[in-house]
Number of protein chains: 2
Amino acid sequence: MKYTEFENCGLKKSLDMISGKWNPLILYHLFHQGNYRFNELWQTIPKVSKKVLTKHLRQLEENGLIQRKEIQGFPPRTSYNLSNKGKKLGPILKDLDNFGNS
Amino acid sequence: MKYTEFENCGLKKSLDMISGKWNPLILYHLFHQGNYRFNELWQTIPKVSKKVLTKHLRQLEENGLIQRKEIQGFPPRTSYNLSNKGKKLGPILKDLDNFGNS
DNA sequence: CAGAATCCTTGAGGATACTG
DNA sequence: CAGTATCCTCAAGGATTCTG
């Protein structure tokens, strides 16, 4: 496999999806509590700036791992939860966790 | 899970082990051909500089995923191959590859 | 509340030259 | 052959302030 091929392979795509600094933690929380509003998630992971948290969430959404819902009204609210695709990552992340602990 | 806990969890450790730019490709080649000398590997992945390739290999070795053997004599030779631990990553990387292709 | 805008720091990775 | 040694670039992430 050459580098140009690697760039398009599934492994690379998967790693790009989850390797952002906060992505594993975001996914972890969505796995275990299901549903978060933006500020709720931010307070759960207080060390990340809102800008960066937003960026991570946008990428996760673009990659189809999470869903973002706007709730109409004022003040504005958003709700984030895992997509079906995102849920399929669960066992793999668990495998990686076990591997890292071995 | 708080960030401080995440820093020490297995998932973080695993991601740190494999998320270096060239690590997946290095592991891929070692999986499929078993044994490489330094220059052989470098010519297989020619876009990486020797400095960076060395750094990746050192880290993989420190994390116990690969083994490095020096062959005495001149010119110097080294041989790299997967450790038993490294081989256990195979199925997980395959899962990630499938996931990324889905 | 859920971001967007702005400016800044840091380190991973790259390019090139040198060496035992 | 298998690396070191230097110098350099760039983008991820951080800090802070502003807004509909």
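All values below were derived from every heavy atom in this structure, side-chain atoms included, with hydrogens, water molecules and symmetry-related copies excluded. By convention in this document, chain letters (A, B, ...) are assigned in the order of the sequence lines, proteins followed by strands, and residues within each chain are numbered from 1.
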Enquirer: Within the 4.0 Å limit for protein heavy atoms, which parts of nucleotides 7-20 of chain C are touched? Write it as a string from 5' to 3', B for base, S for sugar-phosphate only, - for none.
Expert: B----SBBB----B
Enquirer: Where do A/L53 and A/W22 land on the side chain to side chain contact (heavy atoms under 4.5 Å, CB included) test, with the steps shown first?
Expert: CA-CA 8 Å; A/L53 179 57; A/W22 304 98; 5.7 Å; no
Enquirer: With a 4.0 Å cutoff (strictly under), does any side-chain N or O of A/T78 reach OP1 or OP2 of C/dG3?
Expert: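 Looking at the OP1 and OP2 atoms of C/dG3, one of them is under 4.0 Å from a side-chain N or O of A/T78.
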Enquirer: What are the residues of residues 28-38 of chain B, sorted by number, that bring a heavy atom to within less than 4.0 Å of DNA chain D?
Expert: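 Under 4.0 Å from DNA chain D: B/R37, B/F38.
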Enquirer: Mind checking the CZ-CG spacing from B/R77 to B/N39? Nearest 0.5 Å is all I need.
Expert: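 Atom-to-atom, B/R77:CZ and B/N39:CG are 11.5 Å apart.
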Enquirer: So which atom in B/N35 and which in B/S79 form the shortest heavy-atom distance, rounded to 0.1 Å?
Expert: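 Closest approach of B/N35 to B/S79: OD1-OG, 2.7 Å.
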Enquirer: Within this structure, what is the CG-to-P distance between A/D16 and D/dA11, rounded to whole angstrom?
Expert: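 It works out to 15 Å between those atoms.
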Enquirer: What I'd like to find out is whether the side chain of A/V48 reaches to under 4.5 Å of the side chain of A/L25, using heavy atoms alone.
Expert: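 The answer is no; the side chains never approach within 4.5 Å.
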Enquirer: Taking all heavy atoms of B/F31 and all of B/L89, pick out the closest pair and write down the distance.
Expert: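 Smallest interatomic distance, heavy atoms only, reads CZ-C, 4.1 Å.
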Enquirer: Looking at every heavy atom in both B/K85 and A/S102, which two are closest together, and how far apart are they?
Expert: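 Smallest interatomic distance, heavy atoms only, reads NZ-O, 4.2 Å.
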Enquirer: How long is the gap from CG on B/L60 to CE on B/M17, to the nearest 0.5 Å?
Expert: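 It is 10.0 Å, given to the nearest 0.5 Å.
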Enquirer: Could you tell me the separation between the CH2 atom of B/W42 and the P atom of D/dC1, rounded to a whole number of Å?
Expert: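 My rounded result for the distance is 10 Å.
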Enquirer: Whole angstrom is fine here: how far is it from CZ in A/R68 over to P in C/dA2?
Expert: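 My rounded result for the distance is 10 Å.
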Enquirer: In whole Å, what is the span from the CZ atom of B/R58 to the C1' atom of D/dG3?
Expert: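 So the CZ-C1' distance, B/R58 to D/dG3, works out to 7 Å.
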Enquirer: Whole angstrom is fine here: how far is it from CG in A/N23 over to C1' in D/dA12?
Expert: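 One finds 12 Å between C1' of D/dA12 and CG of A/N23, rounded.
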Enquirer: State, yes or no, whether a side-chain contact exists between A/K12 and A/N8 at a heavy-atom distance under 4.5 Å.
Expert: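 The answer is no; the side chains never approach within 4.5 Å.
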Enquirer: Find the distance A/I71:CD1 to C/dG3:P and express it as a whole number of Å.
Expert: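 Answer to the nearest Å: 11 Å.
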